[in-house]
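Report on one structure; see the data block that follows.
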Amino acid sequence: MSGVRATAVLLGGGVSGRPRPFRSAKPRPPPASKISEAALLLSLLWMPALLPLASRLQLLPRALLSMASGSPPFRPSPASGSDYVPRSVSAAFVTCPNEKVAKEIARAVVEKRLAACVNLIPQITSIYEWKGKIEEDSEVLMMIKTQSSLVPALTDFVRSVHPYEVAEVIALPVEQGNSPYLHWVHQVTASGSDSSTAPTVMSRPCSCHVPS
């Protein structure tokens, strides 16, 4: 009798002697509450990374509309804690044949409130094409900080006093920087005067820049 019971146990039928049918172990699906908790956790983890993208996507229709209408693109207001409006200050670059001319122009634009500050960078080497020839000159580079709205007046003034036939005046807008300094630039150039009384600046020009 003990042998019969052992056989029945091996067959999975208990003591009755009948074998139990084989059932494969299938994984049970997680409950709905677990799925919702996992989705909430993933959304919290991804939210900081998706917020900047969402804000840019919101500005896309405005940018496309401005491009189609030809109006300037929409720009968000400056960040809190800073009163600087991006691109309201520009850095203009002017090359001069020597330091004497550069200093005279620099003092003139500062006195006329067309610039808040001018940096002079001496002994730069310029290589360029002029009237079909490759030229090489030693020049002085002026870096002029001013309001972007004053760049046209600054350009006109530099052209009126510069010894070159074609004066280099290139302005780049400032997106961001030290807010107190940029605010100072606005303050100093707030009352830019008329450039009609421009002083005469004539020094021996570079021969390759003036008509023969």
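When hydrophobic clusters are built by joining Ile, Leu, Val, Met, Phe, Trp and Tyr residues whose side-chain heavy atoms come closer than 4.5 Å, directly or via intermediates, I170 is not grouped with M142. A continuous path of Ile, Leu, Val, Met, Phe, Trp and Tyr side chains, each step under 4.5 Å between heavy atoms, connects V161 with L120, placing both in one hydrophobic cluster. The hydrophobic cluster containing V118 does not contain L141, counting ILVMFWY residues as joined when their side-chain heavy atoms lie under 4.5 angstrom apart, directly or transitively.
With sequence neighbours left out, S148 forms a side chain to side chain donor-acceptor pair (under 3.5 Å) with S90. Scored by the ring-ring contact (aromatic ring centres under 6.0 Å, His included) test, Y181 finds W184 as partners (sequence neighbours excluded). Every residue two or more places apart in sequence or in another chain that forms a side chain to side chain donor-acceptor pair (under 3.5 Å) with E99 is listed here: K103. S126 meets the side-chain contact (heavy atoms from CB on, under 4.5 Å) test with I124, Y128, E139; sequence neighbours excluded. Looking at residues two or more places apart in sequence or on another chain, you find a side-chain contact (heavy atoms from CB on, under 4.5 Å) between A92 and I144, L154, A171. The side-chain contact (heavy atoms from CB on, under 4.5 Å) test applied to V169 returns V94, T155, V158, not counting sequence neighbours. Partners of T146 by side chain to side chain donor-acceptor pair (under 3.5 Å), not counting sequence neighbours: none found. Not counting sequence neighbours, the partners of S88 by the side-chain contact (heavy atoms from CB on, under 4.5 Å) test are Y84, V85, H186.
Using a 4.5 Å heavy-atom cutoff, the side chains of S179 and D83 are in contact. Residues E175 and R87 have side chains in contact (heavy-atom distance under 4.5 Å, counting atoms from C-beta outward).
Shown here for T189 and A116, the closest heavy-atom pair between the two residues is CG2-N, 3.5 Å.
For the pair R113 (side chain) and V188 (backbone), a donor-acceptor distance under 3.5 Å is present.
Hydrophobic cluster of I134: the remaining members, joined at side-chain heavy-atom separations below 4.5 Å, are I127, listed by chain and number. Within the hydrophobic cluster formed by Ile, Leu, Val, Met, Phe, Trp and Tyr side chains joined at under 4.5 Å, directly or through other members, L150 stands alone, with no partner residue.
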